[in-house]
Peer 1: 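Could you have a look at this structure, given as structure tokens, before my questions?
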Amino acid sequence: MAFADPKEQLKVIRRGTEAIIPEEELLLKLEASRANDRPLKVKAGFDPTSPDLHLGHGIILKKLRDFQTLGHEVLFLIGDFTAYIGDPSGRSETRPSISKEEIIKNSRTYERQVFKVLDRKKTQILSNSRWLSNLDPEEFLGLTSLVNVSRILDRDDFSKRYREGVSISLREFIYPLVQAYDSVQMHCDVELGGTDQTFNILLGRDFQRHYGQSPQVGVFLPILEGTDGVKKMSKSLGNYIGLDESPQDIYGKMMSISDDLMWRYYLLLSTCNEKKIRKLRTEHPMDAKKGLAREVVSWLHDTQSALEAERDFETKFSKRSFPEDAKEKDYVPGSRKIVDLVIGVSDSVSTKGEAKRLISQGGLVIDGEKYTDPNSEFPDKIAFEIKIGKKEFLKVVIK
RNA sequence: GGGGAGGUGGCUGAGUGGACAAAAGCAGCAGACUGUAAAUCUGCCGGCGAAAGCCUACGUAGGUUCGAAUCCUGCCCUCCCCA
């Protein structure tokens, strides 16, 4: 296939990245790729430590997609072995360890999720356990002698933990070496990652050089803040929007971010250029936010779902009426008390105490009527509409 | 290997024999307000119970005591200093 002009390609790649190290080398690689009509091998690795990928990963996937559009090949690495070690990057404490079964389960969901963004034909999925679980101890020791402890300790995350007296396990020291070794095994030309991956990715360069390969170029993407607008998006902080979530959920979560954060998301997640964004800033913030929510949903699902999600959102929140397509739930009454009803039917409320609290504070509406006594009984009908808290709308059918 | 400090609810962190389901802050949830939010204000915030109360919980396993987050012992874990 014919590749575009390397300078043009570089322009596309540069959009939205935080840094390309070193950029001159990337240009050289792009030129060589075109001259030899050979696509670049672009690596990005994710450790399957949780079942869901989120928009933070989405930024990286999007950039991988850019590379594919330019004709290059993506090597998507599932870090099933490295997940076991636990990446210390940016962490203020050791990651909790994770079982083999979980890793396998998560890996499977990753494969499904990445193809929401990536082009199947130009993607190779690899697992690093393939070469790491059989790594010869002698070779491994060879790797360890390539890195100086002081250099690792210089890293911000480690030095901070060291200073603050938080434990650092030796296994965490090893992590960057293993990731760097992946690049050797994969013969990568480029590796993508968040800026917190700087050390690990650059170490890959050293390793490749040691093995007589041409060192990879690091392409670094910004770290996306979570929906709280402060901490980085992560599953464990609960401030994430999953790639696999329903259109309604994604739309709703996008709408729940603050106005300030919205502009950051516009920059990182939308295709709008700065000029367009400046124009949006003069409009009503809610409309701007709806536009963003629509774009993200269309990206992860499709335009049709985005419009439906929007309509749904408007009836729920703007018009505060009951959505037409609320989920139907069957309920087999154990008692006629509304507390039991709420627990039996709700996905978000799981204990009686929680249900009581919600009810007595006015968070329960059945058929348009507010119920504030947890011990009162629900209407003697075969079906009714029920609103639990702000977000849960259900059609309950009594069985 | 020696010496010292410490492990409290989702997190930070107070509590050194009964008043402790455990201060305070953060996070979370509900309500009010609004432009969906954010901010702000109000209430809640281990489980069960209508309530009285009961159960579970201060690393873990035992012990002392009428009574233990608090005292003692073993074990596990973390940090600091020395080697």
Side-chain angles (χ1 to χ4, degrees), chain A residues 91-97 158-172 225-241 247-266 280-297 306 309-321 323 334-340 342-344 346-366 369-377 386-393:
Chain A
R91 302 277 305 188
S92 54
E93 59 189 284
T94 312
R95 280 178 182 275
S97 62
F158 281 140
S159 62
K160 204 167 156 209
R161 278 163 70 174
Y162 191 71
R163 250 184 291 120
E164 289 171 2
V166 178
S167 78
I168 305 172
S169 133
L170 183 57
R171 108 195 315 226
E172 296 179 82
E225 291 86 353
T227 47
D228 58 356
V230 184
K231 301 198 189 95
K232 86 172 205 185
M233 184 175 282
S234 93
K235 168 96 180 179
S236 51
L237 294 171
N239 60 359
Y240 72 105
I241 298 178
Q248 282 79 7
D249 286 342
I250 296 171
Y251 193 96
K253 284 190 185 182
M254 287 303 297
M255 288 307 284
S256 81
I257 63 174
S258 76
D259 289 356
D260 286 340
L261 184 63
M262 159 171 74
W263 300 116
R264 172 91 176 141
Y265 275 24
Y266 251 112
L280 283 168
R281 274 180 183 275
T282 62
E283 292 172 12
H284 194 295
M286 192 169 77
D287 291 331
K289 205 175 284 179
K290 281 182 175 175
L292 179 65
R294 258 195 323 268
E295 181 170 348
V296 172
V297 177
E310 177 154 284
R311 226 170 298 132
D312 185 65
F313 181 87
E314 282 167 357
T315 51
K316 259 191 218 168
F317 298 102
S318 308
K319 297 179 191 136
R320 287 168 194 251
S321 54
S335 79
R336 300 212 50 87
K337 285 190 186 173
I338 55 176
V339 220
D340 296 320
V342 168
I343 300 167
S346 167
D347 292 323
S348 54
V349 180
S350 52
T351 68
K352 235 173 194 174
E354 209 177 328
K356 276 190 193 166
R357 189 168 92 224
L358 185 139
I359 294 166
S360 53
Q361 296 188 134
L364 177 74
V365 177
I366 299 175
E369 207 176 312
K370 208 177 250 189
Y371 284 70
T372 51
D373 178 6
N375 291 312
S376 59
E377 301 187 342
I386 168 171
K387 178 187 175 202
I388 302 166
K390 273 180 217 188
K391 294 166 203 138
E392 230 181 336
F393 293 83

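Chain identifiers are assigned alphabetically (A, B, ...) following the order of the sequence lines, protein sequences preceding nucleic acid strands; residue numbering begins at 1 within each chain. Computation of the quantities below employed the complete heavy-atom set of this structure, encompassing side-chain atoms and omitting hydrogens, waters and symmetry-equivalent molecules.
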Peer 1: In the structure shown, which nucleotide is the Watson-Crick or G-U wobble counterpart of B:rU64, with both distances under 3.5 Å?
Peer 2: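 By the stated definition (distances under 3.5 Å), nothing pairs with B:rU64.
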
Peer 1: Which residue pairs pass the salt bridge (charged side-chain N to carboxylate O under 4.0 Å, His left out) test with at least one member in residues 256-266 of chain A, sequence neighbours excluded?
Peer 2: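 Checked against salt bridge (charged side-chain N to carboxylate O under 4.0 Å, His left out) - neighbours excluded - the pairs reaching residues 256-266 of chain A are A:Glu225-A:Arg264, A:Asp259-A:Lys289.
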
Peer 1: Answer yes or no: side-chain N or O of A:Asp287 and base N or O of B:rG35 forming a donor-acceptor pair under 3.5 Å.
Peer 2: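 There is none.
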
Peer 1: Could you please name the partner base of B:rA32, counting Watson-Crick and G-U wobble pairs only when both distances are under 3.5 Å?
Peer 2: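 B:rU40 - that is the nucleotide pairing with B:rA32, both distances being under 3.5 Å.
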
Peer 1: Tell me which of A:Gln361 and A:Lys391 sits closer to the 5' end of RNA chain B, going by the nucleotide each one is nearest to.
Peer 2: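 Nearest nucleotide further toward 5': that of A:Lys391.
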
Peer 1: Report the base-pairing partner of B:rA21 (Watson-Crick or G-U wobble, both distances below 3.5 angstrom), or none.
Peer 2: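 When the pairing criteria are applied, nothing turns out to pair with B:rA21, so the answer is none.
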
Peer 1: Can you list the residues that meet the salt bridge (Lys or Arg N to Asp or Glu O under 4.0 Å) rule with A:Lys232, with sequence neighbours excluded?
Peer 2: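 Residues passing salt bridge (Lys or Arg N to Asp or Glu O under 4.0 Å) with A:Lys232: A:Asp196.
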
Peer 1: So if I take every side-chain heavy atom of A:Lys370 and compare against B:rG31, B:rG35, B:rC44, which nucleotide ends up nearest?
Peer 2: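 Of B:rG31, B:rG35, B:rC44, B:rG31 is nearest to the side chain of A:Lys370.
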
Peer 1: How close do A:Ser376 and A:Tyr371 get, heavy atom to heavy atom, and via which atoms?
Peer 2: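 Reported closest heavy-atom pair: OG-CD2, 3.8 Å.
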
Peer 1: Can you list, by residue number, the residues of residues 247-256 of chain A that have a non-hydrogen atom closer than 4.0 angstrom to RNA chain B?
Peer 2: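 Nucleic-acid contacts, sorted: A:Met255, A:Ser256.
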
Peer 1: Between the protein and nucleotides 48-51 of chain B, which nitrogen or oxygen pairs are less than 3.5 angstrom apart?
Peer 2:
{"from": "B:rC48", "atom 1": "OP1", "to": "A:Lys352", "atom 2": "N", "distance (Å)": "2.6"}
{"from": "B:rC48", "atom 1": "OP2", "to": "A:Lys352", "atom 2": "N", "distance (Å)": "3.4"}
{"from": "B:rC48", "atom 1": "OP2", "to": "A:Gly353", "atom 2": "N", "distance (Å)": "2.8"}
{"from": "B:rG49", "atom 1": "OP1", "to": "A:Lys352", "atom 2": "NZ", "distance (Å)": "2.1"}
{"from": "B:rA50", "atom 1": "OP1", "to": "A:Lys337", "atom 2": "NZ", "distance (Å)": "3.1"}

Peer 1: Would you mind reporting whether A:Leu364 and A:Ile388 have side-chain heavy atoms less than 4.5 Å apart?
Peer 2: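 In contact.
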
Peer 1: If the condition is salt bridge (Lys or Arg N to Asp or Glu O under 4.0 Å), which residues does A:Glu295 pass it with, not counting sequence neighbours?
Peer 2: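 By the salt bridge (Lys or Arg N to Asp or Glu O under 4.0 Å) rule, A:Glu295 matches no residue at all.
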
Peer 1: Can you tell me the Watson-Crick or wobble partner of B:rA57, both distances under 3.5 angstrom?
Peer 2: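 In the structure as shown, B:rA57 has no Watson-Crick or wobble partner.
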
Peer 1: To the nearest angstrom, how far is A:Ile386 atom CD1 from B:rA30 atom P?
Peer 2: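 That distance rounds to 14 Å.
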
Peer 1: State the pairing partner of B:rA27; accept Watson-Crick or G-U wobble contacts with both distances under 3.5 Å, and report none otherwise.
Peer 2: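 Paired with no nucleotide.
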
Peer 1: Please report the distance, rounded to the nearest Å, between CG in A:Asp228 and C1' in B:rA37.
Peer 2: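 Taking atom C1' of B:rA37 as the reference, CG of A:Asp228 is at 14 Å.
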
Peer 1: For B:rU70, which nucleotide in any strand shown is its Watson-Crick or wobble partner with both distances under 3.5 Å?
Peer 2: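 Result: none.
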
Peer 1: B:rA37 P sits how many Å from A:Tyr266 OH, rounded?
Peer 2: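 So the OH-P distance, A:Tyr266 to B:rA37, works out to 18 Å.
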
Peer 1: Given that both distances must come in under 3.5 Å, which nucleotide forms a Watson-Crick or G-U wobble pair with B:rU78?
Peer 2: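 Partner of B:rU78: B:rA5.
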
Peer 1: Any N/O pairs under 3.5 Å between the protein and nucleotides 76-83 of chain B? List them or say none.
Peer 2:
none

